Number of protein chains: 4
Amino acid sequence: MSTTWDVDPAPSGAGGRALTNRGVRTRTALLEAAEAVFAEHGYHDASIVKITEAAKVAQGTFYLYFESKQQVFDELVRDLNRRVRHAMRERSDQGSTRAERERLGFRGYFEFVAEHPALYRIIRQAEIVAPDILREHYERISIGYVEGLRTAMAAGEIGEADPEVVSWILMAIGEMVGARWVLWGESDTVPDDVFDQVMGFVERGLATRGDA
Amino acid sequence: MSTTWDVDPAPSGAGGRALTNRGVRTRTALLEAAEAVFAEHGYHDASIVKITEAAKVAQGTFYLYFESKQQVFDELVRDLNRRVRHAMRERSDQGSTRAERERLGFRGYFEFVAEHPALYRIIRQAEIVAPDILREHYERISIGYVEGLRTAMAAGEIGEADPEVVSWILMAIGEMVGARWVLWGESDTVPDDVFDQVMGFVERGLATRGDA
Amino acid sequence: MSTTWDVDPAPSGAGGRALTNRGVRTRTALLEAAEAVFAEHGYHDASIVKITEAAKVAQGTFYLYFESKQQVFDELVRDLNRRVRHAMRERSDQGSTRAERERLGFRGYFEFVAEHPALYRIIRQAEIVAPDILREHYERISIGYVEGLRTAMAAGEIGEADPEVVSWILMAIGEMVGARWVLWGESDTVPDDVFDQVMGFVERGLATRGDA
Amino acid sequence: MSTTWDVDPAPSGAGGRALTNRGVRTRTALLEAAEAVFAEHGYHDASIVKITEAAKVAQGTFYLYFESKQQVFDELVRDLNRRVRHAMRERSDQGSTRAERERLGFRGYFEFVAEHPALYRIIRQAEIVAPDILREHYERISIGYVEGLRTAMAAGEIGEADPEVVSWILMAIGEMVGARWVLWGESDTVPDDVFDQVMGFVERGLATRGDA
DNA sequence: AATGAATGAGAGTTCATTCAT
DNA sequence: TATGAATGAACTCTCATTCAT
């Protein structure tokens, strides 16, 4: 079920040129440094100097691997998207019932946020800095959701509803709760009682009219 | 029930000094210009030059009324917060049943977004540029919600649940749906079928277990 | 007979904005500094830092008055063009016979080169850096020549010939002799014997067939 | 009559080391690439990357054959000088009378310019980039002229005059007319009427007083 | 109250050259 | 002989802020 954009592209240099092993290492170092720096300072206050310093390479080296500051950012957002989706899918696959998979998926998402607060902030900046890629990001997560929702509806496990709308609602909840209780909160994860409240709301929202 | 931060503060100059009538006019012009410029270019690409040009004053004049670029931005976000809450409350007050008020509140929010897409973008930038004020923004909206939810729960109109968690869920849904169907969408408002789907989910989520 | 491009344009800032007295002074300082720096280092090795240092202003100040390095250069070339033509015309106007005016014009040109070797080098660079403006430069000088040549032909003082072609020949000679004997030469001016040789060639070249 | 600097020097590597066949091929490729790149972009905007890309070798390879960017440029100018002189001489040798040789020489020069506009631009840049070599360039052409002029004077074919001065005048005319009518002009060569005008001026200029 | 000239640090980016393989 | 990664200084240009009038 994996689509083309799930595939991790082979790393290449700024002109699309192939890389030696050494080149791959440097590129990775730069990408990781960029991730950290963007997260800490935000897109605009992240500078190439800071990134190259963090990667321990000279300024010019940056441009051997990326065409511009914007380009690394874009790549980072796409990369993050792949990783979030992977994390969620991996977790939810372990559940045996539909509801359990739902819970595990959310848990997986919150854990991901807790582990990569850096990346979370990057996504949020994309609204201004790379709007197209942000939409792509949401679309992709949405598509994954829609699939599962359709199956569950067909099986009568959840009520009939427009799966696309529902998918955006679920994303919304995940993102906001993640921000409020993981990023801004004091604890490292969404507290159990809050999590239960959230899942309660979601389950009722998804339920066939008349049960829940 | 209005709290202190609901009150529109009397405008003052950069040093907190009182303003003449002329001063008030200039300040207002600058604030409006800033709003437009921040919305169009984003925080970082908005420059003082652009703002003062739009306000038709000299560059130096800016600093007679604001201490820094950051400060105008903060003020703008706070101002926007007041306006959104006002718009929502005004609308929902016109409903007679709880569910109707809920619907009207959401409608009000989406209309506000449609009319002020500019301001919506400003809020989103605040995540990076003025995180404290952004949290303040959400908290205030949350508090308004919580009030209403508590009353409704007491009246048995909706199910028992942690009203704070629910309030954040409602905000999440409003914001994401607003972005997806109003800002990025082709239409000027959330299409009726989508709106119904959203409200359906919300009503089920809020419902007492066993009804809906 | 002065044309529009002979008129010295009122100095203005980068955005075309009007200048205060102080502004005019700074602009002039920058222009003079640019002239010196371009001449000494050539277009590419002339840097804004060097120019602003020479003008004793901060780097940013440069951009209050000029939009780019290229723009100052263009302006400088145009300015120089005005000055060369003025110098030549002024000198040649003092002559009483046609041949004398010819000699005085050349003398004026060589003197100008001797006094402004800086500007001479700037012109030469224009070939690469601002080719359109360079052609403009030659065209304007040519036009001035053509006028005088036509009159002289009508009066039978020189032979019939295409005045435009002749004008380019005269420019060519002036420029090359100026480079060879003034700029690269040891003396500060074209030695008398060389000058006489040059004028001899020119006079014969201009002469009506059969005399000289 | 050929002098030492007419001899095409055996190609060698950066340290003056001898080259294998393969080395010679690489070096030639670089030189040709450099010619094209300098001509298209000008000295400063020509980069080693562009040159090595055009030559299809790696960046580092450049420095196996040349010590610096400047050095290739110098070599290119010298090479060009050889070729222009060769082209002119070859053409003028075909004439039977002195005047005919004169015409053919000019024609040859203009044709060369038309065929190698690229190289023409390189020469012009040398004024700033490699002034000494530019003077060398003119000197060499001048010397060739002087020879011929002296012979013609001795034979009474042209008037007595300082042959050096005359040679610079002739170069001046060739260069300017070439620029004006070949490079900037619409046609591929100097139009016949212009050419006749030019040669008329030159012949009169060279003539013994009293004839022409 | 208002102007606009001036500042200067810092941004992203380029490029001739060197070095390790 | 050839590669291509790495360097780092230098470049042009922007902009929030201050200052003199």
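Below, all heavy atoms of this structure are taken into account, side chains as well, without hydrogens, waters or symmetry copies. Given the structure is predicted, the values throughout are model-derived calculations rather than measurements. So you know, we letter chains A, B, ... as the sequences are listed, proteins then strands, and number each from 1.
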Length of the line joining His44(C):NE2 and dA16(E):P, which is rounded to integer Å: 11 Å
Listed nucleotide nearest any side-chain atom of Ala58(C), set dG8(E), dT13(E), dA6(E): dG8(E)
Nucleotide of dT7(E), dT17(E), dA10(F) approaching Leu64(C) most closely (side-chain heavy atoms): dT7(E)
Thr61(B) and Thr52(B): CA distance, side-chain angles, deciding distance, side-chain contact (heavy atoms from CB on, under 4.5 Å) verdict: CA-CA 8 Å; Thr61(B) 306; Thr52(B) 51; 5.7 Å; no
Touch class at under 4.0 angstrom, heavy-atom based, for Ala14(A) against every strand present: nothing
Atom pair distance, as rounded to whole Å: CG in Asp45(C) and C1' in dC15(E): 13 Å
Phosphate OP1/OP2 of dA20(F): any Arg22(C) side-chain N/O under 4.0 Å: no
Geometric class of the Phe38(D)/Phe73(D) ring pair [parallel <30°, tilted 30-60°, perpendicular >60°]: perpendicular
Between dT13(E) (P) and Ile51(A) (CD1): distance, integer Å: 10 Å
Listed nucleotide nearest any side-chain atom of Thr61(B), set dT3(E), dT13(E), dT1(F): dT3(E)
Side chain of Ile48(B) (C-beta onward), nearest among dG12(E), dT7(E), dA16(F): dA16(F)
Counter-base of dT17(F), judged by Watson-Crick or G-U geometry with both distances under 3.5 Å: dA6(E)
N-O pairing of Arg83(C) and Asp79(C) below 4.0 Å: yes
5′-ward residue of the pair Thr26(B)/Gln70(A) relative to DNA chain E: Thr26(B)
Upstream residue (5' side of DNA chain F) when Lys50(C) and Phe62(A) are each assigned their closest nucleotide: Phe62(A)
Derivation and outcome, side-chain contact (heavy atoms from CB on, under 4.5 Å), residues Glu136(B) and Asp132(B): CA-CA 6 Å; Glu136(B) 219 178 273; Asp132(B) 291 347; 5.6 Å; no
Distance, rounded to the nearest Å, where Gln59(D) contributes CD and dT14(E) contributes P: 13 Å
Touch class at under 4.0 angstrom, heavy-atom based, for Ala46(A) against every strand present: sugar-phosphate
Tyr43(B) OH - dC15(F) P separation (whole Å): 13 Å
Which residue lies more 5' along DNA chain F, comparing Gly60(C) with Thr20(A) via nearest heavy atoms: Thr20(A)
Spacing of Lys56(D) atom NZ relative to dG4(F) atom P, expressed in whole Å: 14 Å
Sugar-phosphate, base or nothing in reach of Ser47(A), heavy atoms under 4.0 Å: sugar-phosphate
Test item: Val77(C) and Gln125(C) side chains (from C-beta on) under 4.5 Å apart, heavy atoms: no
Value in whole Å for how far the P atom of dT18(E) lies from NZ of Lys69(D): 15 Å
Closest nucleotide among dT17(E), dC15(F), dT3(E) to the Ser68(D) side chain: dT17(E)
Gap between atoms CZ and P, on Arg27(B) and dA2(E) respectively (whole Å): 13 Å
Sugar-phosphate, base or nothing in reach of Tyr65(C), heavy atoms under 4.0 Å: sugar-phosphate
Side-chain N or O of Tyr63(A) closer than 4.0 Å to phosphate OP1/OP2 of dT14(E): no
Cation-pi check, Lys69(B) onto Tyr43(B) ring (under 6.0 Å, within 45° of axis): yes
